[in-house]
2 protein chains.
Amino acid sequence: MKYCSISEASAKFDIPETTIRYYEKKGLLPLIERDAAGRRLFSENQIALLETVICLKNTHMPLSGIKQYIDWVIEGDSTIELRLQMMKNHKQAVLAEMSLMTESLKGIDVKNERYTNRKNKGEVGQ
Amino acid sequence: MKYCSISEASAKFDIPETTIRYYEKKGLLPLIERDAAGRRLFSENQIALLETVICLKNTHMPLSGIKQYIDWVIEGDSTIELRLQMMKNHKQAVLAEMSLMTESLKGIDVKNERYTNRKNKGEVGQ
DNA sequence: ATACAACTTAAACCATGGTTTAAGTCAACA
DNA sequence: TGTTGACTTAAACCATGGTTTAAGTTGTAT
C-alpha cells in the first residue's frame, strides 16, 4: 500500500498541516500510523477518511458531528444503519441551508435592483 | 410611520432580542430611535435594514462585512456603486460556496451508496 | 401601591474552529 | 560534522458570533 506524509495530504486537499493535526487530536482522524521518526503516515484508507471529513466540513457539519460519524466508522459494520441515517438527516439540513441561501440571495438582489433604479431616477433611501 | 418594539422585531425575524442588541452594538443597526423610557423603536426603514442584515448573515457574510455595507448605506447615495460592487462579489462568493456544498454532498452520496451496496454484499471498509 | 413582565446597560462568559508559539527531534546533504 | 528543513509535541492564543449575568428602570394590570 502507498503511504503519504502530512505535507502531501495537506497539498492534496489544500488544507494546512496544522488543521490536519488538529483534526487528529480531536479524534476525527484516528489510527494514523507513524514512521520510525514519529511522523504521520497516511494510508489510502486514511486519505479516503480525510476526504470524507472534508466533505462533511464543507457542508457545515460541526466537528463534533464528524467525530460521531468517524467513531461509527471505526466501530464497524454494525453502525452502518446509524451512519446512513445520519447522512440522510445531514443531507436534508444541507439542502435546507442552501434553500435559505438562495432565498436570501434573492432578497439581496431585490435591493440591488432598487439601487440600480435609483441610480437612474435620483431617488433616496436604503 | 409605524414603529415596532424589539420583541416584535425579534418575533418577526425569529432571532433573539439579545442578537438584535448585539448587532446594534456592533454598528449593524445604527440610528435606532428610543421611546421616553429608552426602549428601541424600529421604523419601517430600520426593519428593512434589519432584513438586509439577516439576508447577508444567512449568506455567510461576516459581521464586519455587513457593517461595512451598512456604513455605506448610512453614508448615502455616493456609495451606491461601492455597494453594488460589494453585492456582486458577495453573490459570486455565495454561488461558489453553494457549488462546493453541492460537490461535497455528491462525495458523501458516493460513500453512502458504497454502504448500501456493502450492506447487501457483506464487504468491509470505510 | 405593588407586583410582574419587559425593557435597559456594561461586562463577563461561552463554543467553535482553528493558529501560533516554544521547544525539541531527526534525516540528509555539503 | 554541522546546519538546514521538515517534522514532532503541548499549550497558549486568537477571531467570530453570540449568550448570560447582574443590577437597575419602566408601564400596566390587580
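In what follows, chains are A, B, ... by sequence order, proteins preceding strands, each numbered from 1. As the structure is a prediction and not an experimental result, all values here were calculated from the model.
For B/Phe13, the side-chain contact (heavy atoms from CB on, under 4.5 Å) criterion is met by B/Ile15, B/Ile47, B/Leu50, B/Glu51, B/Ile54, not counting sequence neighbours.
Contact check of residues 21-32 of chain B against DNA chain C (heavy atom, cut-off under 4.0 Å) returns B/Arg21, B/Lys25.
At the heavy-atom level, A/Thr19 lies under 4.0 Å from the strands shown only through sugar-phosphate atoms.
The nearest pair of heavy atoms linking A/Ile66 to A/Met61 is N-SD, 3.5 Å. Scanning all heavy atoms of the two residues, the minimum distance from A/Tyr69 to A/Met86 falls at CB-SD, 3.7 Å. Of all the heavy atoms in A/Met101 and B/Thr59, the pair that sits closest is O-CG2, 3.7 Å.
Here the CG-CD1 distance, from A/Leu28 to A/Ile20, works out to 12.0 Å after rounding to the nearest 0.5 Å. Taken from OG1 in A/Thr18 to NZ in A/Lys25, the straight-line distance is 11.0 Å, to the nearest 0.5 Å.
Heavy-atom contacts of chain B under 4.0 Å fall on DNA chain D between two terminal nucleotides, which in 5' to 3' order are D/dG17 to D/dG27.
No more than 12 heavy-atom neighbours from other residues, nucleotides or ligands sit within 6.0 angstrom of CG on B/Asp14.
Each of B/Arg39 and B/His60 was assigned the nucleotide of DNA chain D with the nearest heavy atom; the assignment lying further toward the 5' end belongs to B/His60. In this structure, B/Glu17 and A/Lys57 both approach DNA chain C, and ranking their closest nucleotides by distance from the 5' end singles out B/Glu17.
A salt bridge links A/Glu103 with A/Lys106: at least one charged nitrogen is closer than 4.0 Å to a carboxylate oxygen.
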